[in-house]
Amino acid sequence: MAATPARERSASAGLLSIGQVLARLTPEFPDLTSSKLRFLEVQGIVSPSRTESGYRKFSTADIERLRLGLTLQRDHYLPLSVIREQLDDVDAGGEATPFAPPPSITPAPRRYRRDELLAAAGAGPQLLNDAISTGVIIAQESYQETTVTLLRGLVALDRHGIEPRHLRSLRQGADREVALIESAMSALLRRTDAPSRAKASELAPELAAKIDEVRSLFVKDALSRVLS
């Protein structure tokens with residue numbers, strides 16, 4: 001009776017179990033599960049060997065075939081039948097057909113160089129320098145639309161004597177609020193499955209909006225005391 005496990009250990013030397021395959025591939029493909037691996041086997045994407053006891057064992061070639069197949073599915077949205085044909089061509093010594101990514105239905109967000117940022121916001125170079133030196137704006141090679149809006153706000157405040165250095169505490173407060181939101185979502189952020197990540201993406205803006213609402217009420221309350 002002891003001979004069978006010994007033969008299986010010898011035959012599976014250098015091969016990987018389902019759990020080991022998941023450990024290798026889930027960092028790249030978080031949605032991959034043991035059930036999906038079995039489904040991919042049924043669809044002919046991978047054909048692992050079996051031990052005498054029926055356990056699946058995956059070779060290095062199986063891993064690479066899986067990696068390519070999952071990449072084609074994730075990046076190019078190909079049906080499994082097409083992916084299987086592509087993989088079979090590769091196994092036969094050919095190359096996978098290159099696929100262009102599907103066109104985006106939304107244009108890429110515009111980026112602004114420093115001079116474009118100043119022109120779009122109607123700001124002078126010194127105001128931007130002050131904002132960067134105080135940490136209100138983070139220096140970058142190019143800037144997003146949100147930075148244009150922020151700099152426009154700084155221009156308006158500067159006309160009333162409110163300089164970027166006066167706003168440093170607001171930037172620091174924003175960082176503390178993000179840390180607070182991160183702490184509130186810590187249980188979700190520790191998970192790597194897609195539903196948890198999607199839930200975190202939905203929850204973070206909701207929490208930020210509530211914090212913004214509370215902060216706004218604090219400011220209005222304090223302002224009413226000043227004006228009363």
Side-chain angles (χ1 to χ4, degrees), residues 26-33 74-77 101-228:
T26 49
E28 296 176 66
F29 309 98
D31 294 339
L32 185 62
T33 63
R74 179 193 63 194
D75 296 349
H76 302 291
Y77 310 100
S104 174
I105 61 174
T106 57
R110 180 178 173 182
R111 306 287 302 191
Y112 295 79
R113 299 190 308 270
R114 177 186 169 91
D115 59 328
E116 293 173 331
L117 173 64
L118 292 172
Q126 189 57 50
L127 181 63
L128 179 57
N129 291 340
D130 291 345
I132 291 173
S133 65
T134 55
V136 174
I137 290 178
I138 307 302
Q140 300 178 55
E141 292 274 338
S142 61
Y143 298 87
Q144 298 178 353
E145 190 70 43
T146 52
T147 308
V148 176
T149 304
L150 174 57
L151 189 54
R152 284 174 181 158
L154 296 181
V155 169
L157 292 173
D158 187 62
R159 296 193 187 107
H160 298 278
I162 301 177
E163 303 173 15
R165 60 190 176 89
H166 300 136
L167 304 174
R168 183 189 294 121
S169 61
L170 293 183
R171 165 65 76 176
Q172 294 169 342
D175 292 338
R176 288 193 294 270
E177 289 173 10
V178 170
L180 185 63
I181 293 171
E182 185 178 9
S183 175
M185 299 193 309
S186 58
L188 279 175
L189 294 175
R190 282 196 296 268
R191 302 173 187 167
T192 58
D193 58 288
S196 295
R197 288 294 175 178
K199 178 63 177 176
S201 297
E202 294 175 4
L203 182 58
E206 292 176 8
L207 293 176
K210 288 299 180 183
I211 291 175
D212 188 54
E213 181 181 337
V214 170
R215 188 198 320 106
S216 178
L217 290 172
F218 287 159
V219 172
K220 289 179 180 178
D221 181 61
L223 188 59
S224 67
R225 292 196 301 271
V226 170
L227 297 176
S228 62

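The figures here come from the full heavy-atom set of this structure, side chains too, leaving out hydrogens, waters and symmetry mates.
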Novice: Restricting to side chain to side chain contact (heavy atoms under 4.5 Å, CB included), what partner residues turn up for A139, sequence neighbours left out?
Specialist: I132, Y143
Novice: More than 12 foreign heavy atoms under 6.0 Å from CD of E116: is that the case here?
Specialist: yes
Novice: L157: what forms a side chain to side chain contact (heavy atoms under 4.5 Å, CB included) with it, not counting sequence neighbours?
Specialist: I162, L167
Novice: Rounded to the nearest 0.5 Å, how far does CG of L117 lie from CG of L151?
Specialist: 5.0 Å
Novice: Would you compute the distance between atom CZ of R114 and atom CG of L128 and round it to the nearest 0.5 angstrom?
Specialist: 4.5 Å
Novice: Going by an N to O cut-off under 4.0 Å, is there a salt bridge joining R113 and E141?
Specialist: no
Novice: Identify, with sequence neighbours excluded, every residue that meets side chain to side chain contact (heavy atoms under 4.5 Å, CB included) alongside A204.
Specialist: I181, M185
Novice: Supply the atom-to-atom distance I138 CD1 to T147 OG1, rounded to the nearest 0.5 angstrom.
Specialist: 9.5 Å
Novice: Within the distance-only criterion (no hydrogens, no angle test), does the side chain of S183 pair as donor or acceptor with the backbone N or O of L180 below 3.5 angstrom?
Specialist: no
Novice: Taking all heavy atoms of V155 and all of A121, pick out the closest pair and write down the distance.
Specialist: CG2-O, 3.8 Å
Novice: With sequence neighbours left out, what residues match R176 under side chain to side chain contact (heavy atoms under 4.5 Å, CB included)?
Specialist: Q172
Novice: Work out which heavy atom in A131 is nearest to a heavy atom in P164; give both atom names and the distance.
Specialist: CA-CB, 3.7 Å
Novice: Search all heavy atoms of A184 against all heavy atoms of L207 and return the closest pair with its distance.
Specialist: CB-CD1, 4.2 Å
Novice: How far apart are the closest heavy atoms of V148 and A120, and which atoms are they?
Specialist: CG1-CB, 3.9 Å
Novice: Does the R111 side chain pair with the main chain of E145, one donor and one acceptor, at a distance under 3.5 Å?
Specialist: no
Novice: Can you list the steps and then say if Y112 with Q144 is a side-chain hydrogen bond (donor to acceptor under 3.5 Å, both in side chains)?
Specialist: CA-CA 6 Å; Y112 295 79; Q144 298 178 353; over 6 Å; no
Novice: Mind running salt bridge (Lys or Arg N to Asp or Glu O under 4.0 Å) on E177 and R215 for me, showing each step along the way?
Specialist: CA-CA 11 Å; E177 289 173 10; R215 188 198 320 106; 2.8 Å; yes
Novice: Can you pull out every side chain to side chain donor-acceptor pair (under 3.5 Å) where at least one residue sits in residues 152-171? Sequence neighbours excluded, please.
Specialist: E163-R165
Novice: According to salt bridge (charged side-chain N to carboxylate O under 4.0 Å, His left out), who are the partners of K210, at least two apart in sequence or on a separate chain?
Specialist: E213
Novice: Check step by step if side-chain contact (heavy atoms from CB on, under 4.5 Å) holds for L154 and I137.
Specialist: CA-CA 10 Å; L154 296 181; I137 290 178; 4.0 Å; yes
Novice: Hey, what do you get for OG (S201) to NZ (K199), rounding to the nearest 0.5 Å?
Specialist: 11.0 Å
Novice: Do side-chain atoms of T134 reach the backbone of D130 as a donor and acceptor pair under 3.5 angstrom?
Specialist: yes
